[in-house]
Asks: 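Below is the structure I would like to discuss, written out as structure tokens.
Treat the numbers as computed from the prediction; the structure is a model and nothing was measured. The figures that follow rest on heavy atoms only: side chains count, while hydrogens, waters and symmetry mates do not.
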Amino acid sequence: MARFFEIVELTNGDIALRRADEQDGDALVSIHFSDDAKASLQAHHVDVARAMIEAGVRKVGELSGMEVERDDFEVHAQATHLH
């Protein structure tokens, strides 16, 4: 398992968590916001998705006995296409 993860915005607008060392790998988790949700969040949907992903990773860390630091996440705003 990778030591670091990154949160990326995919070309379809979804926000995804993937291993930083697997640029072309499948996303571990992806979040899709409807057009209505994006409109109501304005430009903050990425921030909301990041908070959701971080909360999930922290919970997994708690359950496995690992501690996850906020600095363990890198955010890449450029669009990336995963297959």
Asks: By side chain to side chain donor-acceptor pair (under 3.5 Å), which residues pair with H44, not counting sequence neighbours?
Replies: none
Asks: Would you check if E9 and D14 make a side-chain contact, meaning some heavy-atom pair closer than 4.5 Å?
Replies: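 E9 vs D14: side chains apart.
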Asks: Side chain to side chain contact (heavy atoms under 4.5 Å, CB included) with A37: which residues, sequence neighbours excluded?
Replies: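 Only F33, S34 meet the side chain to side chain contact (heavy atoms under 4.5 Å, CB included) criterion with A37.
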Asks: Quick one: do R50 and E54 make a salt bridge, cutoff under 4.0 Å?
Replies: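 A salt bridge is present here (some side-chain N lies under 4.0 Å from a carboxylate O).
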Asks: Does any part of the side chain of F5, heavy atoms only, come nearer than 4.5 Å to the side chain of R18, both counted from C-beta?
Replies: no
Asks: Go through I15 and L10 one step at a time and tell me if the side-chain contact (heavy atoms from CB on, under 4.5 Å) criterion holds.
Replies: CA-CA 6 Å; I15 309 302; L10 306 177; over 6 Å; no
Asks: Drop me the distance from I7's CD1 to I31's CD1, to the nearest 0.5 angstrom.
Replies: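 Taking CD1 in I7 and CD1 in I31, the distance rounds to 8.0 Å.
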Asks: Considering residues at least two apart in sequence or located in another chain, which fulfil the salt bridge (charged side-chain N to carboxylate O under 4.0 Å, His left out) criterion with K38?
Replies: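 Residues passing salt bridge (charged side-chain N to carboxylate O under 4.0 Å, His left out) with K38: none at all.
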Asks: With sequence neighbours left out, write down each residue that passes side chain to side chain donor-acceptor pair (under 3.5 Å) with D47, or none if nothing qualifies.
Replies: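 Expected list: none.
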Asks: Rounded to the nearest 0.5 Å, how far apart are CG of L28 and CD of E6?
Replies: 10.5 Å
